[in-house]
Each structure stands twice: as structure tokens, then as C-alpha cells.
There are 2 protein chains.
Amino acid sequence: MNKEELVIAGFRDLFNKLVWLNKSKMEDSLKGYKSSEVHCIEYIGRNEDSNGTKLVESFYMTSGAISKMTKKLIKKGIIESYQKPDNKKEIYFRLTPQGKAIYEIHEELHKEFQERDKAVFEQVTEEQFDSMLSFVEKYSRHLDAEIKKLGADIKSESI
Amino acid sequence: MNKEELVIAGFRDLFNKLVWLNKSKMEDSLKGYKSSEVHCIEYIGRNEDSNGTKLVESFYMTSGAISKMTKKLIKKGIIESYQKPDNKKEIYFRLTPQGKAIYEIHEELHKEFQERDKAVFEQVTEEQFDSMLSFVEKYSRHLDAEIKKLGADIKSESI
DNA sequence: ATAGTTTTCCTTCCTTGTCAACAAAAATAA
DNA sequence: TTATTTTTGTTGACAAGGAAGGAAAACTAT
């Protein structure tokens, strides 16, 4: 493996670990709420006027999955939907008081995770941070362009 | 968001994009084979004497899922199982000729992805690589320790 | 305005993964 | 040796996510 592969593989493994570990802790603290649900609550709590399409885009999930999840969360009384007077199509979501309570607990957990991993991040210098951030940005932009290309290809195929 | 969060969020988004994009390309080239199956073929092709437990550990999936997937792959004639004379419990897997063909195609794709992203990685200096790798290693070791703790907690709870 | 087309948004069916309970072999202890 | 514990893999019920399809809104050109 060359360094390029090492970096990618390393980060992949790191993320799998992080997701797995936080998921465990999360489902321990927020018993009864799945990590995907909490993730959704987090997003709706942070972003005013979230709707299905926004969730689809930022979760990289299908609209079917989103539709079901939001439906379930409404049934559970965690979120509620509303519409705007001048648009009869789009359906927006916001947290109910119960949802807000979960949101707060989640924020606390988040801080706990930061505390847990503080030792690692304290060793990272400003330069390292900036270097990683610039890498992420460049790579991300590059992939955006590739995704756009793919979209164009698909469209031209279907004609 | 502080830099710590930015890095984590940035990498998460980056990975989602990468997985999504490569998955699309992959399922385009390897029609009929799902990315999870190809992932499994890749692992078995690379690692001599893979068994269920190894797959569970490196995929962060449950043994139930692995059991089903391997069974399906055997049924499709992509992998085959074998045992060792001195152990009647462990079941190992290897690729069939058909599986090896898929493996080769996958390797080609992998190279194609590297080529696609070359422009990004060419801009990364040796120092940046080393810095990122050292970060990944440190963080990974830290999480390993935390996971170990969690395991101990679970065990002590159940007593 | 209105008829046709395209786009956007949302819901229903099928595949896949998880969880729980279990069985059998291997390792360890008594 | 015999008994207990640990490891390894399997099966069935259930939940989560993706593909496909349908309905409403928005756009376009008469």
C-alpha cells in the first residue's frame, strides 16, 4: 500500500470505529432512540425549516428512507410537520418539546465525546489542523465535480 | 464549530461522498454484484484463510449478516468454503475462478479511482501525509482503548 | 387560460442487516 | 476424565434503507 491508500484506509477504519463507539454510547444514554433518529433530530434542531429534500441531500439517503423515518418520528411525537401559506407542496419539520429535550441530551453527549478525545486533539498543532482541513476541502471539491460529471453522464445516457 | 469539529465533520462528509461515488461507478462496472459483495470478495481475495470471525471484525458487522452474505456468495459460485483437518469448527473461505475474475475487475477499478483523484493527492506533501497518518494512528489507538473499556464495562454489567 | 411536459416531493414493496436464541466444537478448569 | 466456559457459526423474526412508482406543483408554449 502506498501512502495515499494508507491514508484513505486509515481514515475509513478510524471512522468505522468512531461511529460504532459513539453509536454504542448514544444508544446507552438515549435508550429507545436509534442513532439514525438522533442524527435526524440533531439536523432538524440545528436547521430552521428543514424538509425532506434537505434531509435527503445531507444524509446521502434515499427519499423513501427519509419519508419513513420522519413519519415514525412524528408518530413518536418527537417532531412535527408544518407548511407555509404560499407553498402547498413542501412540508417542513420542527422539534416538539420532547424532541428538544432529546436534542439537549445529545448535545451533552457530544461534549462528552469531545472530552473523551481531548487528549488526542490537544496533540494536534494548528498547522496540522489547517493542513488536514485544506486537504479535506480540496478533495471534497474534487469529488463534487466528479459527482456533477456523473450526473451529467446519467442525464445524457437517458436521452 | 471549532477546528476539531470541522475536521471530523469534514472527513465524514468527504467519506460519504467517496463511498457514494465509488459505489455508483462500481455497480456500473460490476453489474449484478452489490458493493457489499464486492467488498467481501476484495477481503477474501487479499487475505489467506479468511473466516467468518475475521470478516466480522474488519467489517464491523454482526456474525449473522456475515453468515448470510457468505452463504449467498457460495450459492452464487463466487466463493467456496473449506476446513482444515485439525479443526472441525472454523470455516474458511477462498475465491472461485469466477470470484477471482471479479476481484481483478475490482482491482482495475481501484486503479481507476486513484487515477481520478491523482490531481488531489499530487498536491499533498510528504509532511502532510505523515502528519495525517500520525493523527490517524494516534486517534485510532485511543479509540481502541475506549472500545476495550466499553467491552469491560459490558462484561462487568452482565455479572 | 390551458394543455402538455418536466420537476419535485413523497409513499409503498423488496432486499439486506441486526438481534436473539441456539447448537456444536474447542479451550479451560476442576 | 468430566464439567464449565468461550468461541464460532446458523436460523428466524424484525427493522432499516434503497428502488420504483405516483401525485402534486411548476414550467413552457401555444
Side-chain angles (χ1 to χ4, degrees), chain A residues 16 19-20 23-24 26-28 31-41 49-76 79 81-93 151-152 154-156 158-159, chain B residues 16 19-21 23-24 26-28 31-41 44 49-76 78-93 151-152 154-156 158-159:
Chain A
N16 284 339
V19 167
W20 188 88
K23 197 181 139 197
S24 304
M26 200 99 81
E27 295 185 344
D28 210 39
K31 280 199 200 305
Y33 303 100
K34 297 283 158 59
S35 77
S36 59
E37 295 176 358
V38 176
H39 192 192
C40 191
I41 292 166
D49 290 343
S50 322
N51 66 346
T53 306
K54 295 261 185 65
L55 292 171
V56 166
E57 279 168 5
S58 61
F59 289 13
Y60 293 87
M61 286 196 337
T62 59
S63 53
I66 297 295
S67 172
K68 274 197 296 196
M69 181 156 58
T70 52
K71 216 171 178 181
K72 201 174 62 179
L73 289 176
I74 289 172
K75 205 172 174 182
K76 283 192 175 187
I79 65 173
S81 64
Y82 62 96
Q83 291 191 298
K84 298 197 174 183
D86 55 341
N87 189 326
K88 290 178 185 169
K89 191 168 66 163
E90 295 180 7
I91 297 172
Y92 301 92
F93 304 109
I154 289 169
K155 287 215 170 159
S156 65
S158 66
I159 290 172
Chain B
N16 285 338
V19 167
W20 187 87
L21 185 60
K23 198 181 139 196
S24 304
M26 200 97 83
E27 295 186 343
D28 210 39
K31 278 198 201 306
Y33 304 100
K34 298 283 160 57
S35 77
S36 59
E37 295 176 357
V38 175
H39 192 193
C40 192
I41 292 166
I44 293 174
D49 290 343
S50 323
N51 66 345
T53 307
K54 296 262 185 66
L55 291 171
V56 166
E57 280 167 4
S58 61
F59 288 13
Y60 295 87
M61 288 200 325
T62 58
S63 54
I66 296 295
S67 174
K68 281 179 198 172
M69 179 157 57
T70 51
K71 216 171 178 181
K72 200 176 64 180
L73 289 176
I74 289 172
K75 207 172 175 184
K76 283 192 175 187
I78 295 167
I79 64 172
E80 59 190 10
S81 64
Y82 62 97
Q83 290 192 298
K84 298 197 174 182
D86 55 340
N87 189 323
K88 291 177 185 172
K89 190 168 63 162
E90 297 181 3
I91 297 172
Y92 301 92
F93 303 108
I154 290 170
K155 288 215 170 159
S156 64
S158 67
I159 289 170

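First the proteins, then the strands, lettered A, B, ... as listed; each starts at 1. When reading the values below, keep in mind they use all heavy atoms of this one structure, side chains included, and skip hydrogens, waters and symmetry mates.
In this structure, B:Lys88 places its NZ atom where only 12 or fewer heavy-atom neighbours from other residues, nucleotides or ligands lie under 6.0 Å away.
Dashed line: the shortest gap from a side-chain N or O of B:Asn51 to OP1 or OP2 of D:dT8 is not under 4.0 Å. Within the 4.0 Å cut-off from OP1 or OP2 of C:dC9, at least one side-chain nitrogen or oxygen of A:Thr53 is found. Close to C:dT11, at under 4.0 Å from its OP1 or OP2, lies a side-chain N or O of A:Ser67.
If you measure from atom CG of A:Leu55 to atom P of D:dA16, you get 16 Å, rounded to the nearest angstrom. Atom CD in A:Glu90 sits roughly 16 Å away from atom P in D:dA24 (whole-Å rounding). For B:Asp49 and D:dT8, the CG to P distance is 14 Å, given to the nearest whole Å. Following rounding to the nearest Å, A:Phe59 (CZ) and C:dC9 (C1') show an atom-to-atom distance of 17 Å. Spacing between atom CG of B:Asp86 and atom P of C:dA26 amounts to 9 Å, rounded to whole angstrom units. The OH-P distance, from B:Tyr92 to D:dT7, rounds to 16 Å in whole Å. Atom NZ of A:Lys54 is separated from atom C1' of C:dT8 by 14 Å (rounded to the nearest Å). One interatomic measurement links the two molecules: CD of B:Gln83 to P of C:dA26, which rounds to 9 Å at whole-angstrom precision.
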Expected string for nucleotides 13-25 of chain C under the B/S/- scheme (protein heavy atoms, under 4.0 Å, primed atoms plus P, OP1, OP2 as sugar-phosphate) is B--SSBS-----B
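B:Ser58 OG to B:Ile66 CD1: the interatomic distance, rounded to the nearest 0.5 Å, is 7.5 Å.
Panel note: side chain B:Ser67, backbone B:Ser63; no donor-acceptor pair is recorded below 3.5 Å.
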Under the side-chain contact (heavy atoms from CB on, under 4.5 Å) criterion, do A:Val19 and B:Tyr60 qualify, and how do the steps go?
CA-CA 10 Å; A:Val19 167; B:Tyr60 295 87; over 6 Å; no
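Residues passing the side-chain contact (heavy atoms from CB on, under 4.5 Å) test with A:Thr53 are A:Asn51, A:Glu57, sequence neighbours excluded. Applying the salt bridge (charged side-chain N to carboxylate O under 4.0 Å, His left out) test to B:Glu90 and every residue at least two apart in sequence or in another chain returns nothing. Under the salt bridge (charged side-chain N to carboxylate O under 4.0 Å, His left out) criterion, B:Lys72 pairs with B:Glu37, sequence neighbours left out. When the side-chain hydrogen bond (donor to acceptor under 3.5 Å, both in side chains) test is applied to A:Asp49, the partners found at least two apart in sequence or on another chain are A:Tyr82, A:Lys84.
Defining each end axis of the helix from C:dA1-D:dT30 to C:dA30-D:dT1 as the rotation carrying four pairs' C1' atoms onto the next four, with five pairs an end, the two axes are found to diverge by 30° to 10 degrees.
The side-chain heavy atoms of A:Ser81 and A:Thr70, taken from C-beta on, include no pair separated by under 4.5 Å.
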